Every structure is written in structure tokens, then in C-alpha cells.
Amino acid sequence: MNRIFTLKLDTPLGKIQASACDDKLCGLWFIGQKYFPENTAGWQEEPSYPVFSALKSWLEDYFAGKQPKVKIPLCLCGTDFQQAVWKLISEIPYGETSSYGAMTSKLISSGKKASAQAVGGAVGHNPISLIIPCHRVLGSDGSLTGYAGGIEKKRALLELEKVI
């Protein structure tokens, strides 16, 4: 198995932890959030790992209220269904939102079996929060539901993007 490098950073919404390997970002979580990885003991702290430089720049822009322009290479590990959901999430523009129902409809129209609950599960297990902006997925009535980092963080991120 490839060595996994990690970095912890402070953000205005709390500490986050990133993981990377093969010069790609593999994970980004608020520390202590739901679905935070359990086996991080073998990860090597390496703040100067190349992809972390791009991540720091991205986060600086994002938390300054700007749409980040920096492209970060990603390595996503998940089922085909999860990958399809994460791709749809990635297509939600900065400052806009979608719903679990709308995403379910897109998946069904592309020939995949899907339910709003299954989409919700995939959204919740998104391993690269912020960059794959799962905070932009709302309930069908526009409600702030289901964010692994907590509803308060979801609200703050949407306020930062001037959605609410």
C-alpha cells in the first residue's frame, strides 16, 4: 500500500485534517466529524507534501469568501455509485445548491438505480469535504439536512458562499 501523508490545519470553522498519496488529495475532514477515518495512526505528518501547498491556497481563497481557482488533483476511493454521486456534487457551482431529490433524478435519468436515501448516504460519506462541496446539497424543501461536519458548519459554509 502507498504511504499516506497527512496535514492538520486550522480554519475559521475548526481544525481539519487532510490525507494524500501519489501527489493527490485523498481526504479532507473536519476533525471529529461523522465518518472521520479511524485508522490514521500510520499516516505520516508531512506539511510540505506537494499537494498540500495547493490545498492551503484553495482553503485560503475559500475562507476569504472567494471562489477558489486552484485545481487540486483528487484520488477518490468509493463504490461506482458513490463516485457518481461525488461527481454530481462536484458539478454544483460555487454559491449554488442542489437537492438530494434533484441528484437522484439525474442519476436515474443516466440509467443508474438510485433513491434519495442512497444519495444521502453517498453524500454523507464524501471523503473530501469542501472541495467536493456536499454542503451545497439540501433537502427537497430547501432545508439544511445531513452534513457530516454538523449543520452549524453547513450553515456557515453556505453563508460564506452567500447562498443563505
Side-chain angles (χ1 to χ4, degrees), residues 7 9-20 24-37 51-52 54-164:
L7 169 71
L9 293 166
D10 290 316
T11 76
L13 297 180
K15 204 173 237 348
I16 58 172
Q17 184 166 358
S19 69
K24 295 179 181 174
L25 188 68
C26 304
L28 185 63
W29 307 268
F30 285 102
I31 292 181
Q33 77 171 51
K34 192 174 183 179
Y35 310 120
F36 189 83
V51 75
F52 293 150
L55 174 63
K56 289 174 193 173
S57 178
W58 193 98
L59 290 169
E60 187 177 301
D61 284 348
Y62 184 79
F63 283 110
K66 300 183 229 166
Q67 181 176 357
K69 302 291 185 222
V70 176
K71 297 291 183 205
I72 300 173
L74 306 178
C75 176
L76 291 164
C77 295
T79 66
D80 288 345
F81 182 78
Q82 288 173 322
Q83 299 264 355
V85 171
W86 299 336
K87 182 179 182 308
L88 282 178
I89 296 169
S90 296
E91 294 169 358
I92 303 170
Y94 180 92
E96 295 182 27
T97 61
S98 186
S99 70
Y100 296 99
M103 293 179 64
T104 302
S105 295
K106 284 183 181 180
L107 290 166
I108 290 170
S109 69
S110 72
K112 295 199 181 312
K113 284 187 172 184
S115 69
Q117 293 80 8
V119 168
V123 170
H125 284 85
N126 168 22
I128 304 180
S129 46
L130 302 177
I131 294 169
I132 297 177
C134 53
H135 60 278
R136 295 179 189 152
V137 183
L138 307 178
S140 57
D141 62 356
S143 60
L144 303 183
T145 61
Y147 186 63
I151 295 300
E152 316 77 39
K153 283 185 177 69
K154 184 172 190 162
R155 177 180 305 284
L157 294 167
L158 293 172
E159 287 173 353
L160 181 71
E161 293 184 26
K162 300 185 180 7
V163 174
I164 57 173

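None of the values given here were measured: they were computed from a predicted structure.
Residue Lys15 places its NZ atom among more than 12 non-hydrogen atoms of other residues, nucleotides or ligands, all under 6.0 Å distant.
Counting all heavy atoms, side chain and backbone alike, Tyr94 lies closest to Leu160 at OH-O, 4.0 Å. Summarising the geometry of Ser140 relative to Ser99, their closest heavy-atom pair is CA-CB, 4.1 Å, with the distance given to 0.1 Å. Contact between Ala18 and Leu28 at its shortest, heavy atoms only, is CB-CD1, 3.9 Å. The shortest non-hydrogen separation linking Gly142 to Leu138 is O-CD1, 3.9 Å. Of all heavy-atom pairs spanning Ala122 and Trp86, the tightest one is O-NE1, 2.8 Å. Lys112 and Ala84 make their closest contact through CE-CB, 3.4 Å (heavy atoms, listed as atom of the first residue, atom of the second, distance).
At a threshold of 4.5 Å between non-hydrogen side-chain atoms, the residues Gln67 and Asp61 do not count as touching. Contact annotation: the side chain of Met103 approaches that of Val85 to within less than 4.5 Å [non-hydrogen atoms, C-beta and beyond]. Taking the side chain as every heavy atom from C-beta outward, Gln17 and Ile31 approach each other to under 4.5 Å. Counting heavy atoms from C-beta on, the side chains of Tyr35 and Asn126 never come closer than 4.5 Å. Residues Leu25 and Pro73 fail the side-chain proximity criterion, which asks for heavy atoms closer than 4.5 Å. Between Thr97 and Val137, the closest side-chain pair of non-hydrogen atoms is not below 4.5 Å. Here the side chains of Ser129 and Tyr147 are in contact, with some heavy-atom distance below 4.5 Å. Within the 4.5 Å cutoff, the side chain of Tyr100 has heavy atoms near those of the Val123 side chain.
Trp29 places no side-chain N or O within 3.5 Å of a backbone atom of Ala148 that could act as its donor or acceptor partner. A donor-acceptor pair is defined here as one N or O able to donate and one able to accept, closer than 3.5 Å; such a pair exists between the side chain of Ser19 and the backbone of Gly27. Here the side chain of Lys154 pairs no donor or acceptor atom with the backbone of Gly149 at under 3.5 angstrom. Remark: side-chain polar atoms of Gln82 are paired, donor with acceptor, to backbone N or O of Thr79 under 3.5 angstrom. At distances below 3.5 Å, at least one donor-acceptor pair connects side-chain atoms of Ser109 with backbone N or O atoms of Lys106.
Using a cutoff of 4.0 Å between basic side-chain nitrogens and carboxylate oxygens, Glu60 and Lys56 are not scored as salt-bridged.
Every pair passing salt bridge (Lys or Arg N to Asp or Glu O under 4.0 Å) that includes a residue from residues 118-143 is listed here, sequence neighbours excluded: Arg136-Glu161.
No option in Thr11, Val70, Leu157 other than Leu157 meets the side chain to side chain contact (heavy atoms under 4.5 Å, CB included) test with Tyr62.
The line from CD1 of Ile89 to CD1 of Ile128 is 11.0 Å long, rounded to the nearest 0.5 Å.
The cationic atom of Lys153 (NZ for Lys, CZ for Arg) lies less than 6.0 Å from the six-membered ring centre of Phe30 and within 45° of the ring axis.
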